[in-house]
There are 2 protein chains.
Amino acid sequence: MDHIDFKILKILQTKARIPNVEVAREIGMAPSAVLERIKKLEAQGVIDGYEVRLNPDQFEGSLIAFLHVTLTRNARIKETAMALADMASIQEVHYIAGEDGLMLKVRVADTSALETLLTTRINPMPSVARTKSSIVLSTFKETAKIPLPETYHTTP
Amino acid sequence: MDHIDFKILKILQTKARIPNVEVAREIGMAPSAVLERIKKLEAQGVIDGYEVRLNPDQFEGSLIAFLHVTLTRNARIKETAMALADMASIQEVHYIAGEDGLMLKVRVADTSALETLLTTRINPMPSVARTKSSIVLSTFKETAKIPLPETYHTTP
DNA sequence: CTTTATAACAGAATATAATTCTGTATTTTA
DNA sequence: TAAAATACAGAATTATATTCTGTTATAAAG
């Protein structure tokens with residue numbers, strides 16, 4: 001990773017589907033060289049993949065909720081987290097410091113679907129003590145973009 | 001949106017950079033026809049865009065935290081939310097039901113960076129009464145994929 | 001310091017894919 | 001039922017991705 005890779009990543013983060021040739025033009029290098037670098041970044045795992053961003057409004061999945069899951073004292077954290085991660089409507093599963101709890105981000109059709117998810121799948125889990133739901137009324141920003149600094153500098 | 005579009009979206013959601021020709025092969029249609037549909041989905045806003053997924057571990061942004069921001073009684077919600085949305089390290093801004101509060105997802109280098117963000121930028125905002133931070137220790141799942149049903153059926 | 005190995009790059013050649021275009025069939029609308 | 005709009009295939013064209021080769025720069029070894 002040097003400052004050229006960094007430039008490439010910044011460009012890709014803006015418009016992921018831009019052709020290589022175009023990236024090459026933007027940074028003033030040959031397409032073959034840029035390709036080599038991108039392949040390398042993929043191989044190194046710096047680039048994890050590419051995603052389509054779909055518009056949630058167009059699908060039955062417009063209700064977002066954050067669930068704070070309190071675990072029982074003897075909970076099997078990892079197993080529980082992985083079981084939750086398997087559920088399609090759960091987009092994120094994080095283990096939170098200081099509260100023996102998990103934070104979930106879920107995306108479902110409506111409150112009724114949320115109820116079903118909670119009562120039939122989450123609450124019955126043995127490691128789950130209780131859940132607290134925060135339902136999202138409106139979303140002002142939602143991106144997965146990793147905030148990249150202006151310029152590149154190595155991290156020792 | 002019909003069941004063919006739906007198939008296309010499902011394919012793209014798995015591997016966003018798959019060539020059109022390949023999508024066409026998978027669903028047994030001519031590349032030109034598939035392209036036509038994809039362009040239409042983009043124009044309709046069903047497809048919002050494409051993103052690179054970078055590996056957070058490789059950057060200074062590996063600390064995730066969820067911040068619950070309680071707003072003052074006379075808070076200017078929209079303005080505050082938009083001001084927060086402008087900050088690069090804040091990835092998500094949601095307005096939450098029932099608590100006069102915002103839920104933020106932030107991604108910063110470390111706890112010190114989080115402290116700076118809180119004390120210099122968020123807490124000083126006039127509409128912010130207080131914040132409660134949940135620091136993420138480990139992440140088991142993190143995707144922006146919208147959960148699509150197995151098969152397509154119109155939503156009346 | 002010099003030699004040797006390694007990595008990065010450009011530029012051409014080739015393979016593959018995107019895009020455009022045209023004609024036809026099918027569906028919608030009036 | 002006629003007219004218009006849409007969806008599609010298949011060919012033609014344009015553009016891009018990928019591979020290959022030779023060169024230069026960079027790093028490692030002696």
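What you see is a predicted model, and the numbers here were worked out from it, not measured in a lab. Throughout, a chain's letter reflects where its sequence line sits, starting with A, and its residues are numbered from 1.
Here the side chain of Pro19(B) is nearest to one of dA17(C), dC9(C), dT19(D), namely dA17(C). With dT18(D), dA10(C), dG10(D) as the choices, the nucleotide that has an atom nearest any side-chain atom of Pro31(A) turns out to be dT18(D).
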Determine, step by step, whether Val136(B) and Ile96(A) satisfy the side-chain contact (heavy atoms from CB on, under 4.5 Å) criterion, reporting the C-alpha distance in whole Å, the side-chain angles of both residues, the deciding distance to 0.1 Å, and the verdict. CA-CA 5 Å; Val136(B) 171; Ile96(A) 296 295; 3.9 Å; yes
So Leu114(B) and Leu67(B), side-chain contact (heavy atoms from CB on, under 4.5 Å) or not? Walk me through it. CA-CA 10 Å; Leu114(B) 178 60; Leu67(B) 307 186; 4.3 Å; yes
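Across the protein-nucleic acid pair, Glu26(B) atom CD and dA17(C) atom P stand 13 Å apart, rounded to whole Å. Summarising the geometry, the separation between CZ on Arg25(A) and C1' on dA15(D) is reported as 10 Å, rounded to the nearest angstrom. Rounded to an integer number of Å, the gap from Asp2(B) CG to dT6(D) P is 14 Å. Remark: P of dA17(D) and CG of Asn20(B) are 13 Å apart, rounded to the nearest angstrom. Remark: P of dA17(C) and CD1 of Ile18(A) are 20 Å apart, rounded to the nearest angstrom. Rounded to an integer number of Å, the gap from CD1 of Ile4(A) to P of dA8(C) is 10 Å. One atom, CZ of Arg37(A), and another, P of dA7(C), lie 14 Å apart when rounded to the nearest Å. In this structure, His3(B) places its NE2 atom 13 Å from C1' of dA7(D), rounding to the nearest Å.
Checking the phosphate oxygens (OP1, OP2) of dA18(C), no side-chain nitrogen or oxygen of Lys39(B) falls inside 4.0 Å. A close approach under 4.0 Å does occur between a side-chain nitrogen or oxygen of Lys40(B) and OP1 or OP2 of dA7(D).
Between Arg17(A) and Glu36(A), it is Arg17(A) whose nearest contact on DNA chain D lies nearer the 5' terminus.
Glu22(A) comes within 4.0 angstrom of no nucleic acid atom, judged by non-hydrogen atoms across all strands. Within the 4.0 angstrom heavy-atom criterion, only backbone atoms of the sugar-phosphate kind lie near Ala33(A); the bases stay farther away.
Under a 4.0 Å N-O distance rule, the pair Arg37(B)/Asp2(B) qualifies as a salt bridge. Residues Glu22(A) and Arg25(A) are paired through a salt bridge, judged by an N-O separation under 4.0 Å between the basic side chain and the carboxylate.
A single hydrophobic cluster is not seen to contain both Leu35(B) and Phe6(B); linkage of ILVMFWY side chains at heavy-atom distances under 4.5 Å, directly or through other members, places them apart.
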